[in-house]
Amino acid sequence: MSSPTAARRRRIVSALEEFQWRGLVFDTSEGLEQHLNSGQVTAYCGFDPTAASLHVGNLVPLLALARLQRLGHCPIALVGGGTGMIGDPSGKSQERNLLTAEKVAENIAGIRQQLAAFLDFDSKSAPAQLVDNGEWLNTIRLVDFLREIGKHFSLGAMLAKDSVKSRLDGPGISFTEFTYQMLQSYDFLILNQRYQCTLQVGGSDQWGNITAGIDLIRRVGGTKSHALVMPLVTTAAGTKFGKTEAGAVWLDAERTSPYRFYQFWLNTADQDVIRYLRTFTFLDADRIEALAQELAVAPQKRAAQRALAHEVTALVHGETAVARAQQSSEVLFGGSIEALTADDVLEIFDEVPSHRLTPEVLSDEGLPLIGLLADAGLVPSRGAARRLVREGGAYVNNQRVADEKASVRREDFLDGRVLVLRKGQKSYHLVTLEV
RNA sequence: GGAGGUGUGGCCGAGCGGUCAAUGGCAGCAGACUGUAAAUCUGCCGGGAAUUCCCUACGGAGGUUCGAAUCCUCCCGCCUCCA
């Protein structure tokens with residue numbers, strides 16, 4: 001992350017405007033703009049530990065906290081060690097299974113450090129905080145909670161929330177999930193009391209939970225607090241954002257390698273890319289406008305996509321990872337493999353599936369390519385492998401092989417050790433030779 | 001409980017005794033064009049062996065027939081109507 005110092009020195013104004021031009025405002029509480037312009041505000045956003053890693057969808061609220069910090073406000077990232085034990089019914093059509101306490105603890109450990117990477121905790125003027133609502137939710141006594149907090153909730157209002165209503169019309173909802181909004185409201189109240197937190201941000205699906213918190217704070221303390229909810233990210237194609245054939249795109253390098261992460265952003269459609277630059281990067285309006293121009297003039301250069309992939313990958317994985325992802329991309333999409341050493345190849349194809357071969361199976365005539373493709377799992381059967389070769393979709397070391405009877409020989413292995421199989425444009429498989 | 005209908009490849013959906021590995025659409029894969037985009041076009045799309053071969057498959061189990069996804073019997077699932 002670039003130094004937020006300059007931004008911090010900027011006057012604390014127009015935070016809402018900044019969010020607005022980036023398309024990040026779905027709805028706000030009344031008077032939020034004046035509140036943000038009146039001085040330093042402490043804002044929070046919660047992240048429930050449903051998995052051991054955050055995914056790209058979580059970037060929007062996470063970056064929102066970082067943006068607020070750059071604009072001089074104090075962010076609090078909250079991990080749901082308590083609420084995660086319950087499960088938020090918002091946007092869920094079915095009751096879910098409870099996570100075990102161990103699983104929750106494990107997930108918290110995972111996302112804690114990811115959250116931390118986006119915020120500046122050492123700032124003198126606007127330090128960030130990281131808190132866990134398990135701290136208060138997991139210890140409060142039921143009767144105390146019902147007397148002090150529950151008393152402020154009206155059943156009518158609770159039942160009227162969309163997340164509850166839709167479930168009542170359908171498969172029903174358990175008492176456990178029904179109480180979720182009380183817990184989240186209580187979080188807001190605690191943060192309001194302990195940290196003077198007066199703003200909660202989140203996705204638009206959180207509106208009901210956030211306003212419930214605002215009401216609670218008003219009833220308990222008589223003070224006003226605020227909500228800012230952001231639209232859910234959509235794709236022009238109407239598909240779910242953040243999903244690939246391989247599943248969700250995670251921030252954890254173990255789950256989604258930096259290379260795949262980079263590729264995910266690089267493959268953004270033209271129609272989406274400018275919007276995503278505003279949503280997912282800190283690039284300013286001038287820079288994004290310039291990229292939009294370039295996209296219009298020379299779409300084939302994909303400068304906007306490259307900038308997007310670079311920025312977001314750097315933010316999540318660092319510049320070194322970006323450099324490596326770029327290098328891998330160049331080789332995988334067009335570059336010649338011959339010039340590389342086996343070590344380079346192994347490095348670039350680090351995450352590509354691979355299997356080992358013993359030298360014995362490699363007779364003097366070589367090993368038939370058809371069988372190798374099938375064994376590698378690039379195609380489901382030998383017949384499919386045959387078709388693939390016939391159609392010209394099979395490559396050995398990035399060179400098309402169209403001969404069904406072709407074999408690979410020892411000489412084909414780079415440095416006598418590694419062979420790169422490819423199906424179509426993007427599917428790779430590595431074959432290494434045991435020595 | 002009674003009557004009728006229906007169950008086909010990842011999904012939808014034809015076929016109703018041989019020419020059926022099964023029309024068509026969607027999805028998927030590859031190729032061309034291109035920009036690792038979109039659209040379009042072409043080819044492929046059960047498995048194995050390979051130039052007209054074998055195996056497995058039309059809910060399940062039996063049967064009729066030279067031959068069945070197609071006919072019969074029983075069973076199972078789903079749907080509709082009547083009680």
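Just so we're on the same page: letters track the sequence lines, and every chain starts at 1.
For RNA chain B, the neighbouring residues in residues 295-307 of chain A, judged by any heavy atom under 4.0 Å, are Pro299(A), Gln300(A), Arg302(A), Gln305(A).
Between Glu18(A) and Arg22(A) a salt bridge is recorded (basic side-chain N to carboxylate O distance below 4.0 Å). The pair Asp272(A)-Arg275(A) meets the salt-bridge criterion, with a side-chain N (NZ, NE, NH1 or NH2) lying under 4.0 Å from an Asp/Glu carboxylate O. Using a cut-off of 4.0 Å between Lys/Arg side-chain N and Asp/Glu carboxylate O, Arg390(A) and Glu404(A) are scored as salt-bridged.
Residue pairs meeting the ring pair (Phe, Tyr, Trp, His ring centres under 6.0 Å) criterion with at least one member in residues 374-400 of chain A, sequence neighbours excluded, do not occur.
Under the 6.0 Å cut-off for aromatic ring centres, Phe280(A) and Trp265(A) qualify, their centroids lying closer than that.
Scanning RNA chain B for stems, defined as runs of 3 or more consecutive Watson-Crick or G-U wobble pairs whose donor-acceptor distances all fall under 3.5 Å, gives the following ranges: B:1-7 with B:76-82, B:10-12 with B:24-26, B:28-32 with B:40-44, B:46-48 with B:53-55, B:59-63 with B:71-75.
Checking A37(B), A30(B), U36(B) against the side-chain heavy atoms of Leu266(A) singles out U36(B) as nearest.
Look at the P atom in both C54(B) and A22(B): the space between them is 14 Å, to the nearest Å. Separating the P atom of C12(B) from that of A83(B) is a span of 33 Å, rounded to the nearest Å. Taking atom P in both G46(B) and U23(B), the straight-line distance is 9 Å, to the nearest Å. Nucleotides C29(B) and U19(B) have their P atoms positioned 33 Å apart, rounded to a whole Å. For the P atoms, the distance linking G62(B) with A14(B) amounts to 29 Å, nearest Å. The same atom, C1', is picked in U70(B) and in C58(B); the two are 10 Å apart, to the nearest Å. Rounded to whole Å, the C1' atom of G17(B) lies 22 Å from the corresponding atom of G13(B). On the P atoms, G7(B) is 14 Å away from C72(B), given to the nearest whole Å.
To the nearest angstrom, P of U42(B) lies 21 Å from CG of Leu388(A). The distance from atom CD of Gln425(A) to atom P of A38(B) is 12 Å, rounded to the nearest whole Å. One atom, NZ of Lys423(A), and another, P of C29(B), lie 7 Å apart when rounded to the nearest Å. A straight line from OH of Tyr259(A) to P of U36(B) spans 12 Å, rounded to a whole angstrom. The CH2 atom of Trp265(A) sits 20 Å away from the C1' atom of G35(B) (whole-angstrom rounding). Nucleotide G35(B) holds its C1' atom 16 Å from the CG atom of Leu308(A), rounded to whole Å. Atom OH in Tyr262(A) sits about 11 Å away from atom C1' in U36(B), given to the nearest Å. Spacing between atom CG of Leu373(A) and atom P of A30(B) amounts to 13 Å, rounded to whole angstrom units.
Here the side chain of Ser53(A) pairs a donor or acceptor atom with the backbone of Asp252(A) at under 3.5 angstrom. At least one donor-acceptor pair under 3.5 Å links the side chain of Asp132(A) to the backbone N or O of Gly81(A).
Nearest heavy atom pair, residue Leu98(A) against residue Met85(A), reads CD2-O, 3.3 Å. When every heavy atom of Ala385(A) is checked against every heavy atom of Leu373(A), the shortest pair comes out as CB-CB, 4.0 Å. Across all their heavy atoms, Gln184(A) and Asp88(A) have their closest contact at OE1-OD2, 4.4 Å.
Tyr259(A) does not carry Arg324(A) over the face of its six-membered ring by the limits of under 6.0 Å from the centre and within 45° of the normal.
If Ala384(A) and Gln263(A) are placed on RNA chain B by their nearest nucleotide, the residue sitting closer to the 5' end is Gln263(A).
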Give every pair of a protein N or O atom and an N or O atom of nucleotides 44-46 of chain B that lie under 3.5 Å apart, one pair per line with the distance.
| unit_1 | atom_1 | unit_2 | atom_2 | d |
| --- | --- | --- | --- | --- |
| C44(B) | O4' | Glu391(A) | OE2 | 3.2 |

Is there any protein nitrogen or oxygen under 3.5 Å from a nitrogen or oxygen in nucleotides 50-55 of chain B, and what are the pairs?
| unit_1 | atom_1 | unit_2 | atom_2 | d |
| --- | --- | --- | --- | --- |
| A50(B) | N6 | Arg390(A) | NH2 | 3.4 |

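Ring geometry, His355(A) versus His429(A): the interplanar angle falls from 30° to 60°, so the pair is classed tilted. Between Phe178(A) and Phe175(A), the ring-plane angle classifies as tilted under the 30° and 60° cut-offs.
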Verdict with supporting geometry, His73(A) and Thr42(A), side-chain contact (heavy atoms from CB on, under 4.5 Å): CA-CA 6 Å; His73(A) 301 291; Thr42(A) 297; over 6 Å; no
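Contact between the side-chain N/O atoms of Tyr395(A) and the OP1/OP2 oxygens of G31(B) is found at a separation under 4.0 Å. Side-chain nitrogen and oxygen atoms of Arg400(A) include at least one within less than 4.0 Å of the OP1 or OP2 phosphate oxygen of A32(B).
Scanning for side chain to side chain contact (heavy atoms under 4.5 Å, CB included) contacts around Phe121(A) gives Ala116(A), Leu119(A), Ala128(A), Leu130(A), with sequence neighbours left out.
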